[in-house]
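Okay, so here's the structure we're looking at.
Keep in mind that the numbers below use all heavy atoms, side chains included, and drop hydrogens, waters and symmetry copies.
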Amino acid sequence: MISCINIATETYTIPTSISDKAGGFQMAFLEITIPPLPHYITSGLNSIPQGGQHPSRSHIQVFDLLITTSGCFYIGEDDARFEVGAGQAVILRPDRYHFATKECEELTHTYWLHFHVGGAWGLINPSAAPLVSLEDPTPKEAKVEAFAVEPFTMRIPQFTTLQHPEKMYEVFDQLLQLQSRSHVSSARFAQQQLFQEILHQLAASGETDHASASRTCAEKAASYLRQHFREPVSAKQLGDELNFHPVYIARCMQKEYGCSPVTYLLKLRVAQAKLLLLQTERPIAHIAQEVGFEQAAYFAASFARLEGMSPRSYRQQFSQGT
């Protein structure tokens with residue numbers, strides 16, 4: 001099988017047998033779509049005596065984050081089995097049965113935290129996921145907004161060894177100190193801020209060298225496209241600038257941003273055009289050229305495909321008195 005990507009007028013082909021798998025242990029990740037931000041509910045510190053075990057529970061309706069500070073506890077979820085030792089963390093899902101698989105061999109201390117995810121989420125295994133298509137799906141019917149919110153995803157390992165355990169323990173201690181004031185709005189806001197720091201530390205602990213390389217490539221490509229969106233950009237040019245094969249760049253951007261470089265560039269140009277349509281009275285053909293479209297007709301067609309209306313109609317919809 002052969003996969004292709006087209007940017008501008010150039011086509012590159014490469015066998016689909018290229019592997020994106022990294023060596024070593026492949027962890028599962030919780031992939032959370034933001035907004036909305038995950039919401040902190042409550043937390044605490046728990047002790048499990050020697051011979052004791054974590055309680056078995058089913059469908060508790062909240063995520064349960066557990067971090068061991070000393071000792072080790074043993075727990076299962078579906079077919080997965082976790083031995084959570086000191087400096088390690090596991091996240092149990094809200095819609096699964098969790099059960100102890102073994103008694104603790106020594107006194108074990110754990111921090112626990114319950115949180116809620118209001119948006120879409122799922123458990124993914126990057127090593128088992130099928131290769132993404134390099135062709136972008138047909139866009140859904142657009143809801144016209146002057147300034148649309150662009151969702152993004154956060155990946156958090158379900159089980160991980162913390163990069164900096166002591167820093168994580170410090171954040172949990174700060175959360176516990178705020179418990180007595182959790183009825184005060186300012187304290188609750190502080191709890192949410194600390195929780196976001198916890199998520200950040202968890203996400204960082206799951207960034208393998210391979211994942212970081214993929215993200216770095218995608219971010220470099222996005223940065224180049226943002227700096228040069230007013231200019232013609234080809235697949236070869238992008239590859240030469242980043243020193244990566246164009247198909248590898250496409251796969252990295254598909255993984256990190258959910259679209260190919262050509263669609264990323266198209267969306268970027270249209271977003272810039274929307275600002276100019278709202279903030280200036282410049283002719284539409286002039287705006288098209290200013291944001292990188294060589295032909296006004298192609299600009300109008302691309303704008304309508306992404307926004308569901310023509311540039312003129314978009315401008316009129318947000319004009320005063322209409």
Look up atom [atom1] in [X] and atom [atom2] in [Y], then write down how far apart they are to the nearest 0.5 Å.
| X | Y | atom1 | atom2 | value |
| --- | --- | --- | --- | --- |
| Ile249 | Phe244 | CD1 | CZ | 7.5 Å |
| Met168 | Thr69 | CE | OG1 | 12.5 Å |
| Gln191 | His39 | CD | NE2 | 9.0 Å |
| His286 | Glu281 | NE2 | CD | 13.0 Å |
| Tyr40 | His116 | OH | NE2 | 15.5 Å |
| Phe229 | Leu266 | CZ | CG | 13.0 Å |

Between [X] and [Y], a side-chain donor and acceptor under 3.5 Å:
| X | Y | value |
| --- | --- | --- |
| His228 | Glu231 | yes |
| Ser70 | His109 | yes |
| Thr68 | Gln88 | no |

Would you mind reporting whether [Y] and [X] have side-chain heavy atoms less than 4.5 Å apart?
| X | Y | value |
| --- | --- | --- |
| Leu162 | Gln201 | no |
| Glu105 | Lys102 | yes |
| Arg269 | Gln272 | no |
| Ile287 | Lys274 | no |
| Leu178 | Leu194 | yes |
| Tyr257 | Phe152 | no |
| Ile67 | Thr110 | no |
| His98 | His54 | no |

For residues [X] and [Y], report the shortest heavy-atom separation together with the two atoms involved.
| X | Y | answer |
| --- | --- | --- |
| Leu242 | Cys217 | CD2-O, 3.7 Å |
| Thr33 | Pro151 | CG2-CB, 4.1 Å |
| Gly118 | Pro36 | C-CG, 3.9 Å |
| Pro157 | Ile91 | O-CD1, 4.1 Å |
| Phe29 | Gly206 | CZ-O, 3.4 Å |
| Ala89 | Leu65 | CB-CD1, 4.2 Å |

Does anything in residues 165-182 form a side chain to side chain donor-acceptor pair (under 3.5 Å)? List the pairs, not counting sequence neighbours. Tyr111-Asp173

Is there a ring-ring contact (aromatic ring centres under 6.0 Å, His included) between Tyr314 and Phe303? Walk through the geometry before answering. CA-CA 9 Å; Tyr314 179 86; Phe303 193 99; 5.5 Å; yes

Can you list every salt bridge (charged side-chain N to carboxylate O under 4.0 Å, His left out) pair that touches residues 156-165, not counting sequence neighbours? none

Which residue pairs pass the salt bridge (charged side-chain N to carboxylate O under 4.0 Å, His left out) test when at least one of the two sits in residues 63-92, sequence neighbours left out? Arg57-Asp64, Glu77-Arg93, Asp78-Arg93, Asp78-Arg96

Quick one: list whatever passes salt bridge (charged side-chain N to carboxylate O under 4.0 Å, His left out) with Glu290, sequence neighbours left out. Arg282

Please set out all donor-acceptor pairs under 3.5 angstrom arising from side-chain atoms of residues 220-227, sequence neighbours excluded.
from	atom 1	to	atom 2	distance (Å)
Ser223	OG	Gln227	NE2	3.1
Tyr224	OH	Gln237	NE2	2.7
Arg226	NE	Tyr264	OH	3.0
Arg226	NH2	Tyr264	OH	3.4

[Y] backbone acceptor or donor facing [X] side chain under 3.5 Å:
| X | Y | result |
| --- | --- | --- |
| Glu256 | Arg251 | no |
| Ser205 | Leu202 | yes |
| Gln53 | Ala100 | no |
| His59 | Asp95 | yes |
| Gln158 | Ala28 | no |
| Ser302 | Tyr298 | yes |
| Thr108 | Cys72 | yes |

Say whether [X] and [Y] are linked into one hydrophobic cluster, either directly or through other cluster members, by side-chain heavy-atom distances under 4.5 angstrom.
| X | Y | value |
| --- | --- | --- |
| Val270 | Leu276 | yes |
| Ile60 | Leu92 | no |
| Ile75 | Ile156 | no |
| Leu199 | Leu66 | no |
| Ile41 | Phe63 | no |

Please name all residues satisfying side-chain hydrogen bond (donor to acceptor under 3.5 Å, both in side chains) with Thr280, sequence neighbours left out, ordered by chain then number. none

Can you tell me if Gln193 has over 12 outside heavy atoms packed within less than 6.0 Å of its CD? yes

Please indicate whether Glu294 has more than 12 foreign heavy atoms, meaning atoms of other residues, nucleotides or ligands, lying under 6.0 Å from its CD. no

Verify whether the ring centers belonging to Phe195 and Phe115 lie closer than 6.0 Å. yes

Please evaluate residues Arg315 and Leu278 with respect to the criterion side-chain contact (heavy atoms from CB on, under 4.5 Å), reporting the C-alpha separation (whole Å), side-chain torsions for both, the decisive distance (0.1 Å), and the verdict. CA-CA 6 Å; Arg315 171 178 270 173; Leu278 288 174; over 6 Å; no

Once the angle between the rings of Phe299 and Phe293 is folded into 0 to 90°, is it parallel (under 30°), tilted (30 to 60°) or perpendicular (over 60°)? tilted

